[in-house]
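The block underneath contains the structure these notes are about, expressed in structure tokens.
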Amino acid sequence: MGFFGKIRDALKKTKEGVSHKMRQLFLKNKIGNEFYDELEEILISADVSVRTAEDVVEQVKEEAIGNKIKDEQYVTDLLKDILEDTLNEAPVPEIKYPCVMMFVGVNGVGKTTTIGKVANYFVKNKKNVTVAAADTFRAAASDQLSVWAERAKVRIVKHEEGSDPAAVIYDAVSSAKAKGTDVVLVDTAGRLHVKENLMNELKKMDRVVTREFPEAAFYKFLVLDATTGQNAVSQARVFDEAVELDGIVLTKLDGTAKGGFVFSLCGELGVPVVFAGVGEKMDDLELFDAEEFVEGFF
């Protein structure tokens, strides 16, 4: 089964709920003001933010009224196109090499597991990869990352528990420069996005990479648990302010019944989704695709 077979399965609950409500909406309402009000409610029920839902429905309304269209299929296709455009408002960065990717996020979102999957992705694409165990606070975090590094057959740089995370990154990028490494993947400690001292620590790590490996492209990705829903948007906003995010990695997309918050991430914050995880296996992660996500959503 291809990735987007998995995406459609992952979004099955969302799709069933939205599709059923859409069918009911078309059956009981002619396309008019009441119709658009209910369409907005359907989107919000799927965890699209109020702001994004209002904006999307307004675009649908203007286009449909402008063309004097009251056809169900036309309106549905129009809605899909606008939602896809919303996702594409935040362009996915082109990955250039050598590069450093730092993964940030709150506790329990699956950063370490995600790094193992991303390492595997780049190895399959013939890239030389090193992982840096800069989560030096969580007990056995580096051991967990070592297991994933071994599975992906990549090098790992780690220090003792309690070490300075910036020192781990320094050693990792120094090693990468010496060995001509294509990709350095940095694991960081989970942190509450409201804890200022922890966010400042991320900024310190950011400065180490910029200073010590200026020739490398530097990407900062936020790992988000897709089951978090709209709270993920507020998390993204704070992390973006702290380190200027380049993208999002979604985990546990197969465990959520409401995938609509993704539209708000891209449309309101301008931060693209780069990777999506749809299972626990090593290969259950692929590049995100806006068109296929929308098709899975409806």
Side-chain angles (χ1 to χ4, degrees), residues 11 13-15 17-22 24-25 29 31-66 75-93 104-106 109 192-194 220-253 256-274 276 288-298:
L11 293 171
K13 290 180 181 177
T14 301
K15 184 183 181 77
V18 172
S19 295
H20 174 72
K21 289 174 182 176
M22 290 286 287
Q24 297 295 38
L25 176 59
N29 269 328
I31 298 176
N33 288 333
E34 189 176 343
F35 171 90
Y36 291 115
D37 288 343
E38 288 203 35
L39 177 58
E40 193 175 297
E41 289 175 14
I42 290 171
L43 293 177
I44 292 169
S45 74
D47 237 21
V48 178
S49 73
V50 172
R51 175 181 161 187
T52 298
E54 287 176 347
D55 183 53
V56 167
V57 171
E58 187 59 34
Q59 290 182 64
V60 172
K61 187 176 180 180
E62 286 181 8
E63 183 77 24
I65 291 174
V75 173
T76 302
D77 289 342
L78 179 58
L79 177 60
K80 288 182 179 180
D81 288 344
I82 290 169
L83 286 171
E84 185 181 335
D85 288 344
T86 301
L87 293 176
N88 287 326
E89 283 180 26
V92 174
V104 302
V106 301
V109 293
L192 294 171
H193 58 292
V194 294
K220 286 150 282 189
F221 292 151
L222 174 64
V223 182
L224 285 176
D225 181 338
T227 64
T228 307
Q230 275 300 312
N231 188 44
V233 180
S234 61
Q235 285 180 29
R237 183 172 283 109
V238 176
F239 277 97
D240 189 34
E241 290 171 359
V243 295
E244 296 184 7
L245 296 171
D246 296 290
I248 303 287
V249 183
L250 291 176
T251 65
K252 307 175 190 176
L253 196 59
T256 185
K258 296 183 176 182
F261 76 93
V262 177
F263 299 106
S264 307
L265 281 175
C266 299
E268 293 179 31
L269 298 186
V271 181
V273 178
V274 180
F288 186 80
D289 183 280
E291 181 180 357
E292 296 291 347
F293 183 85
V294 172
E295 288 301 321
F297 191 76
F298 284 95

Locate the shortest heavy-atom distance separating [X] from [Y]; write the atom from each residue and the value.
| X | Y | answer |
| --- | --- | --- |
| Ile248 | Ala236 | CD1-CB, 4.4 Å |
| Gly259 | Phe297 | C-CE1, 3.9 Å |
| Leu253 | Phe293 | CD2-CE1, 4.3 Å |

Qualifying residues under side chain to side chain contact (heavy atoms under 4.5 Å, CB included), relative to [X], sequence neighbours excluded:
| X | result |
| --- | --- |
| Thr52 | Val48, Ser49, Val56, Thr86, Phe263, Ser264, Glu268 |
| Thr76 | Met22, Phe26, Glu72, Lys80 |
| Glu54 | Glu40, Val50 |
| Asn88 | Glu84, Ala290 |

inquiry  = Can you list everything that forms a side chain to side chain donor-acceptor pair (under 3.5 Å) with Asp85? Sequence neighbours excluded, please.
reply    =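 Asp85 satisfies side chain to side chain donor-acceptor pair (under 3.5 Å) with no other residue.
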key: Results of salt bridge (Lys or Arg N to Asp or Glu O under 4.0 Å) for Asp55 - residues two or more places apart only   = none
key: Residues that Glu38 engages under salt bridge (Lys or Arg N to Asp or Glu O under 4.0 Å), provided they are two or more places apart   =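 Scan of Glu38 (salt bridge (Lys or Arg N to Asp or Glu O under 4.0 Å), adjacent residues dropped) gives Lys28.
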From CD (Gln24) to NZ (Lys21), nearest 0.5 Å = 11.0 Å
task = Calculate, to the nearest 0.5 Å, the distance between atoms NE2 and CG belonging to His20 and Leu25 respectively.
result = 11.5 Å
For residues 237-244, dump all side-chain donor-acceptor pairs below 3.5 Å to protein atoms at least two apart in sequence or in another chain.
residue, atom, partner, partner atom, Å
Asp240, OD1, Leu245, N, 2.9

